[in-house]
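As structure tokens, the structure follows; a few thoughts come after it.
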There are 4 protein chains.
Amino acid sequence: MTSTGERVHAAALELFAERGFHGTGIRQLAEHAGLSSATLYHYMGTKEDLLVTLMRTSLERLVRAGEEIAGSTDDAPTRLADLVGMHVTSHAQRPLETRVVDDEVHALSPSRRQEVVALRDRYEALWQQVIDDGVGSGHFAVTSASIARRALLEMCSGVARWYDPAGRMGLGELAEEYSALALRLLGVVGDPATTPARRVAPDTPGPV
Amino acid sequence: MTSTGERVHAAALELFAERGFHGTGIRQLAEHAGLSSATLYHYMGTKEDLLVTLMRTSLERLVRAGEEIAGSTDDAPTRLADLVGMHVTSHAQRPLETRVVDDEVHALSPSRRQEVVALRDRYEALWQQVIDDGVGSGHFAVTSASIARRALLEMCSGVARWYDPAGRMGLGELAEEYSALALRLLGVVGDPATTPARRVAPDTPGPV
Amino acid sequence: MTSTGERVHAAALELFAERGFHGTGIRQLAEHAGLSSATLYHYMGTKEDLLVTLMRTSLERLVRAGEEIAGSTDDAPTRLADLVGMHVTSHAQRPLETRVVDDEVHALSPSRRQEVVALRDRYEALWQQVIDDGVGSGHFAVTSASIARRALLEMCSGVARWYDPAGRMGLGELAEEYSALALRLLGVVGDPATTPARRVAPDTPGPV
Amino acid sequence: MTSTGERVHAAALELFAERGFHGTGIRQLAEHAGLSSATLYHYMGTKEDLLVTLMRTSLERLVRAGEEIAGSTDDAPTRLADLVGMHVTSHAQRPLETRVVDDEVHALSPSRRQEVVALRDRYEALWQQVIDDGVGSGHFAVTSASIARRALLEMCSGVARWYDPAGRMGLGELAEEYSALALRLLGVVGDPATTPARRVAPDTPGPV
DNA sequence: AATGAATGAGACTTCATTCAT
DNA sequence: GATGAATGAAGTCTCATTCAT
């Protein structure tokens with residue numbers, strides 16, 4: 001049911017996430033995918049090409065989801081909570097992908113890195129924009145919006161390092177918890193209108 | 001003034017941080033330190049030994065500083081702010097060390113990893129303890145203390161990835177900003193005694 | 001109009017001549033012929049078979065033409081001039097073929113080499129015979145007939161390396177020039193019957 | 001007595017000459033030199049670097065010897081005979097070197113090729129000059145000086161393909177024979193003053 | 001203290017070739 | 001006819017490490 005190409009991607013994801021790009025050999029990759037190392041080259045270009053493909057796939061999905069959220073509402077707290085929820089959820093569901101994207105950029109050659117970083121920047125710009133908007137609208141209170149962006153992204157991405165889908169915490173719970181942390185970090189005080197329930201009353205004026 | 005051994009450590013720090021452990025060759029290491037690759041082996045055991053040494057040095061300093069703070073006061077918000085300040089400051093001052101510690105654990109063999117992870121766990125336990133204490137004392141309001149710990153640590157460690165000592169933000173400022181973010185994330189509302197007064201509107205109703 | 005098989009031969013000729021047998025991959029060959037590498041094997045045996053086919057085709061044509069000339073006259077100078085003219089002309093017209101034949105014998109396995117070298121020897125024997133005849137008849141004056149044969153063949157084959165069909169020198173001119181060089185090299189002085197009159201001062205004393 | 005580096009060069013010369021550059025593997029090279037393939041890399045850069053070194057060494061020797069001859073006399077026939085003698089002698093004495101230089105230029109990457117071809121062109125220019133001079137002074141009679149140059153060089157280089165130092169023909173004899181062939185090819189008629197004996201009477205006026 | 005020389009193992013990648021479809 | 005998939009062997013080169021000097 002799964003094609004060979006998909007098996008190659010899956011194997012690469014697992015090994016790159018676990019041992020790093022440089023820590024993973026072509027032969028291990030082949031063995032993990034159930035192929036000979038020569039056959040591997042039917043399904044990829046270079047090893048670096050494979051890494052780039054994985055990264056691009058992952059980042060493009062993230063950007064797409066992010067842009068959808070960005071266009072969904074003008075309300076900054078809502079948008080931010082949604083971004084956090086989406087980000088955390090996808091990091092929890094696809095921890096391998098996101099770890100590879102987050103940790104292996106340094107393994108790319110300059111030209112490839114540029115391409116990948118451009119995508120990542122596009123995604124981060126969405127976050128920057130919500131925060132800027134929230135600060136502008138008076139919903140958020142932070143000294144430095146860019147520090148806040150970095151702090152939020154780091155903290156949310158960390159989920160890929162520990163979340164256990166078989167554990168007792170559900171994805172919804174996780175998303176709500178992180179959204180709450182994020183909003184508080186941004187200086188939003190707990191108000192039924194802005195915490196999870198908020199989405200029900202989109203016309204609520206901003207607090208603080 | 002700098003001994004050869006120190007030069008080796010410095011070179012390793014730079015290269016491991018920039019290209020990763022597996023991405024750094026013994027020959028590059030030697031060249032970067034101004035030695036022949038054979039001579040390198042006078043100043044280190046294996047390449048992995050070198051990595052462990054760097055990690056242990058860094059982590060021990062962190063643990064020592066953390067334990068000093070942990071023993072300094074019972075007041076959870078103060079302790080947490082101090083931990084954050086120290087953590088952030090040292091990540092800003094020693095970005096190479098901290099990046100190596102944070103990113104290269106996967107490159108260690110199981111037995112070495114155990115040793116390093118034990119140290120890291122000891123450090124993280126200090127954070128866990130403050131948060132638990134703060135929750136117990138009613139200063140902090142979080143759903144999950146362990147999630148909060150992880151979120152805080154990730155967010156604070158990120159500083160090593162972007163802080164520029166030559167930029168316009170000073171270390172003190174940085175520490176204060178992050179302490180404030182952390183306390184807010186933990187649900188602490190503006191209190192002149194624990195957070196910089198400026199940022200907070202003292203008349204805010206304040207939830208929880 | 002050109003069959004696929006011919007396209008394969010043409011592609012092989014070009015690539016073998018340009019990059020050598022070992023420098024040419026099956027995949028490049030296929031691409032150059034506009035086929036997949038698997039399809040290539042419908043039109044050839046092994047890569048070495050292909051090389052042998054090209055060589056044999058080329059050498060057989062040469063031998064055939066040479067034998068025709070050899071049987072055409074008893075006059076050694078005429079025969080030699082004709083051989084030179086034919087050799088030079090075919091090297092100018094089919095530089096790829098001749099370069100492959102001349103340069104890639106070393107790439108053949110012993111048994112295949114034997115076969116090809118036998119053909120080449122047969123061709124060279126024709127030259128040897130004319131020279132021997134010319135020496136015997138007193139037309140040629142050389143110390144060593146075999147050295148003369150080698151010198152002549154090398155010199156004439158070189159044409160395949162530089163002759164430009166689009167340049168200003170025509171094939172007829174080329175053939176005449178080389179025939180003249182060859183006859184002079186063999187010690188034949190200008191004789192209106194065998195060499196272009198223009199180049200020779202008919203009153204030259206003329207040695208033997 | 002022979003250094004390892006020299007052994008590597010000797011092994012490369014033998015194999016490149018016998019099987020061609022692309023036909024020679026690194027492992028065969030190492031085995032032939034009595035080293036492991038990894039050790040080989042102590043004594044060379046890439047395989048191509050090795051080839052270039054061999055070619056440059058050989059060509060530089062040839063250029064040096066050629067320039068010495070070029071500066072030794074103004075008499076074109078003498079100079080040409082000396083060039084031929086030197087060329088033929090060195091091709092007979094160092095057949096491996098010269099074969100590699102003559103046959104493997106196509107294996108070089110563009111930039112390397114440029115460098116090597118420049119040297120070769122410098123050498124060939126010496127030949128072109130003598131022929132031009134001889135034509136100008138009326139000693140040589142050829143329709144095309146550049147064709148003559150090519151013909152002569154091809155014919156003389158061929159020696160590296162068959163001369164057997166253990167055979168009955170001595171080097172001196174070989175040189176004389178080829179000089180005689182060359183002069184005749186250039187239209188110089190046999191005159192004691194220009195054939196081998198000529199060098200004894202350097203003041204002899206030009207013949208023809 | 002320092003290093004040139006050496007190496008087995010393994011890196012990534014391509015080789016020529018076969019075969020089922 | 002034609003080709004995608006597959007592979008063992010081999011390609012060039014670098015790896016971390018040792019050792020005699």
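Just so it is clear: chains get the letters A, B, ... in the order the sequence lines come, proteins before strands, and each one is counted from 1.
Across all their heavy atoms, Ser37(C) and Ile26(C) have their closest contact at CB-CG2, 3.9 Å. Summarising the geometry of Val8(C) relative to Leu40(C), their closest heavy-atom pair is CG2-CD1, 4.0 Å, with the distance given to 0.1 Å. Of all non-hydrogen atoms in Pro95(C) and Ala160(C), the two that sit nearest each other are CB-O, 3.5 Å. Summarising the geometry of Arg112(C) relative to Val52(C), their closest heavy-atom pair is NH1-CG2, 3.3 Å, with the distance given to 0.1 Å. Shortest non-hydrogen contact noted between Ala12(B) and Leu29(B) is CA-CD1, 3.6 Å. Contact record, Ala107(C) with Phe21(C): CB-CD2, 3.6 Å, taken as the closest heavy-atom pair.
With hydrogens and angles disregarded, a donor-acceptor distance shorter than 3.5 Å links the side chain of Asp49(D) to the backbone of Thr46(D). Counting only distance, with no hydrogens or angles, the side chain of Thr24(A) and the backbone of Gly20(A) share a donor-acceptor pair below 3.5 Å.
Map Thr4(C) and Thr39(A) each onto its nearest nucleotide of DNA chain F; the residue landing nearer the 5' end is Thr4(C).
One can place CG of Leu35(A) at 11 Å from P of dA5(F), the figure rounded to the nearest angstrom. Across the protein-nucleic acid pair, Leu15(A) atom CG and dA11(E) atom P stand 12 Å apart, rounded to whole Å. In this structure, the CG atom of Leu51(D) is 13 Å from the P atom of dT12(F), given to the nearest Å. Atom CZ of Arg7(B) and atom P of dA1(E) are 14 Å apart (whole Å). Rounded to whole angstrom, the span from the OH atom of Tyr43(D) across to the P atom of dC13(F) amounts to 18 Å. Between Leu29(D) atom CG and dA10(F) atom P there is a gap of 17 Å when expressed in whole angstrom units.
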Exercise. Taking protein heavy atoms under 4.0 Å as touching, what does nucleotides 15-21 of chain E look like 5' to 3' if B marks base contact, S marks sugar-phosphate-only contact and - marks none?
Worked result: SBBBB--
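Using a 4.0 Å cutoff on non-hydrogen atoms, no part of residues 105-116 of chain D comes near DNA chain F.
We find the CG-CD distance between Leu96(B) and Glu18(B) to be 9.0 Å, quoted to the nearest 0.5 Å. The CE atom of Met55(B) sits 11.5 Å away from the CD atom of Glu97(B) when rounded to the nearest 0.5 Å.
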Exercise. How does DNA chain F read in dot-bracket, base by base from 5' to 3', with Watson-Crick or G-U pairs under 3.5 Å and | used when the partner is on another strand?
Worked result: .||||||||||||||||||||
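Taking 4.0 Å as the cut-off between side-chain N and carboxylate O, Asp103(B) and Arg161(B) count as a salt-bridged pair.
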